[in-house]
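Here the structure comes first, spelled out in structure tokens, and everything after it is commentary.
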Amino acid sequence: MERESELTATAAHSYAVSNMNQPFSDAQRRDFQRALLAWYRRDKRTLPWRDIDNPYAVLVSEVMLQQTQVATVIPYFERFLARFPTVESLASSPTDDVIHHWQGLGYYSRARNLQNAARAVVERFDGIIPRDVEQLLSLPGVGRYTAGAVSSVAYGEPAPILDGNVMRVLTRLFCIEGNPKSGKAHRALWEIAESLVPRESPGDFNVGLMELGALLCTPTKPSCGDCPVSTHCLARERYEVTQFPQLPPRPETVSVEDIAVIVWKDGRFLLTKRPVDKRWGGLWELPRVRRLEGESLEDAATRAPMQRCGVEVRVKEPFGAMRHAVTRYRIRLHGFVAEWVSGEASAVECEAVAWVESEGLEPYALSSPQRKLLKLAIEEADQARLFQ
DNA sequence: AAGCCGGGGAT
DNA sequence: ATCCCAGGCTT
């Protein structure tokens with residue numbers, strides 16, 4: 001039995017060299033599909049979006065899971081579905097409400113795109129999430145991966161998927177060289193994924209491939225001994241599993257400094273709303289600027305409220321600093337306390353402004369670093385009041 | 001084809 | 001600290 005599998009695997013690989021678009025024989029493919037499905041159905045995790053027969057919920061989960069880990073998504077998914085239970089409710093709700101339910105999850109254009117997709121579904125598809133990849137691709141925020149996932153998982157269509165997990169699994173199975181995210185290797189991977197997906201249970205098969213990548217075929221310490229398809233794996237046969245995928249070097253990180261200011265006036269502080277097409281679009285923040293070369297922190301703190309909303313302030317003291325990362329940028333964020341001096345706050349370099357009480361913050365969506373910084377600022381203000 | 005977008009968990 | 005993650009959009 002063991003020996004037969006080894007032979008099968010070897011045969012697959014000699015074939016793979018000549019025809020990478022269909023790297024398995026029919027018999028090998030069927031054996032692979034059977035082994036993966038059996039493993040997935042036995043060992044899969046229980047997750048809130050699994051086995052629920054609701055294409056809308058599948059779409060929401062897939063968008064939330066883009067570049068975001070399962071554990072992070074779970075509470076967001078549950079709150080989002082409770083608040084927007086149907087595609088119609090999402091389409092007709094205020095965008096600020098949708099962004100608010102996304103705060104802390106990152107990649108905020110996803111939230112805006114998802115609502116626009118819901119509106120397109122209501123207007124163009126009679127409120128039914130499309131079944132075909134082609135129609136799904138016409139929705140904003142839905143690319144080839146998400147379209148394939150919804151089509152196969154929600155409707156049982158034999159559409160392929162290719163995500164980071166599947167890239168890792170497939171490059172190892174067939175020793176695919178080159179950058180799997182672009183060019184020849186990328187195209188080859190899509191064709192392989194297409195050749196593997198079965199007519200029967202394509203959704204479980206696709207999710208099974210991802211689950212394999214998430215649980216066993218992991219980046220650094222793969223558990224090949226527990227892998228249900230290890231006999232099909234060329235990289236394992238060659239002891240080269242961790243040589244794949246061959247990802248390109250990351251761009252160098254850039255260090256920058258931002259200054260955010262809490263401007264107090266009559267017990268309220270100033271928030272500005274980010275433009276929709278910018279980073280953190282639609283979220284609120286303390287007026288913030290990037291520190292210029294040679295500029296002092298205090299000068300930047302004075303500049304921030306003036307530049308963003310035309311308010312002149314007197315900068316008092318720093319109240320804290322924190323680090324966070326945005327893609328390749330490592331940002332040091334400094335907080336300053338300031339008093340309002342003059343100027344009616346208006347949306348100069350932002351989408352909107354608001355004067356907010358400490359207790360009235362809840363309705364405003366903030367990014368995680370801004371939320372942490374603002375928490376420090378309010379604590380500091382409470383302390384200062386105690387000493388008066 | 002390459003650059004850009006956030007945040008958190010794992011190592 | 002660094003890597004990586006159920007990617008898609010813009011240029």
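Residue numbers start from 1 in every chain, and the chains themselves are labelled A, B, ... in the order their sequence lines are given, proteins ahead of strands. These numbers come from the heavy atoms of this one structure, side chains and all, not from hydrogens, waters or symmetry mates.
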Nearest-Å distance for atom pair [atom1]/[atom2], residues [X] and [N]:
X	N	atom1	atom2	answer
A/R328	B/dG3	CZ	P	8 Å
A/N165	B/dG9	CG	P	18 Å
A/K181	B/dA2	NZ	P	13 Å
A/N179	B/dA2	CG	C1'	11 Å
A/R110	B/dC5	CZ	C1'	10 Å
A/Y107	C/dG7	OH	P	10 Å
A/K372	B/dG6	NZ	P	15 Å
A/R144	C/dG7	CZ	C1'	13 Å

Below the 4.0 Å mark, does [N] have OP1 or OP2 next to a side-chain nitrogen or oxygen of [X]?
X	N	value
A/W280	B/dG7	yes
A/R250	C/dC4	yes
A/S368	B/dG8	yes
A/T146	C/dG8	yes
A/Y76	B/dG7	no
A/R279	B/dC4	no
A/Q67	C/dG7	yes

Regarding [X], tell me which of base, sugar-phosphate or nothing describes its non-hydrogen contacts under 4.0 Å with the strands shown.
X	result
A/V166	nothing
A/R112	nothing
A/R330	sugar-phosphate
A/S367	sugar-phosphate
A/P140	sugar-phosphate
A/G104	sugar-phosphate
A/W102	nothing

Tell me which nucleotide among [options] gets nearest to the side chain of [X].
X	options	value
A/T220	C/dC5, C/dA6, B/dT11	B/dT11
A/R168	B/dA2, C/dC4, B/dG6	C/dC4
A/L65	C/dA6, B/dG9, C/dC4	C/dA6
A/T327	B/dC5, C/dA6, B/dG8	B/dC5

I'd like to know if A/Y145 reaches the base of C/dG7 with its side chain, counting only an N/O donor and acceptor under 3.5 Å.
no
Mind checking the [atom1] distance from [N] to [M]? Whole angstroms is fine.
N	M	atom1	answer
C/dT10	B/dG7	C1'	22 Å
C/dG8	B/dG8	P	22 Å
C/dC5	B/dC5	C1'	14 Å
C/dA6	B/dA10	P	12 Å

Among side-chain atoms of [X] and [Y], is any donor-acceptor pair under 3.5 angstrom?
X	Y	answer
A/S152	A/E157	no
A/Q115	A/T95	yes
A/E257	A/H334	yes

Given DNA chain C, 5'-ward residue of the pair A/L47 and A/G141, judged by closest heavy atom
A/L47
Look at the rings of A/F32 and A/F24 and say which category their plane angle falls in: under 30° parallel, 30 to 60° tilted, over 60° perpendicular.
tilted
Under a 4.0 Å threshold between the charged nitrogen and the carboxylate oxygen, would A/K44 count as salt-bridged to A/D51?
yes
Flag the pair A/R172 and A/E240 as a salt bridge only when some basic side-chain nitrogen lies within less than 4.0 angstrom of an acidic carboxylate oxygen.
no
List for me each residue that meets ring pair (Phe, Tyr, Trp, His ring centres under 6.0 Å) alongside A/F336, sequence neighbours excluded, and say none if there are none.
none
Where each residue is assigned the nucleotide of DNA chain B containing its nearest heavy atom, which of A/Q66 and A/A71 is assigned the position nearer the 5′ end?
A/Q66
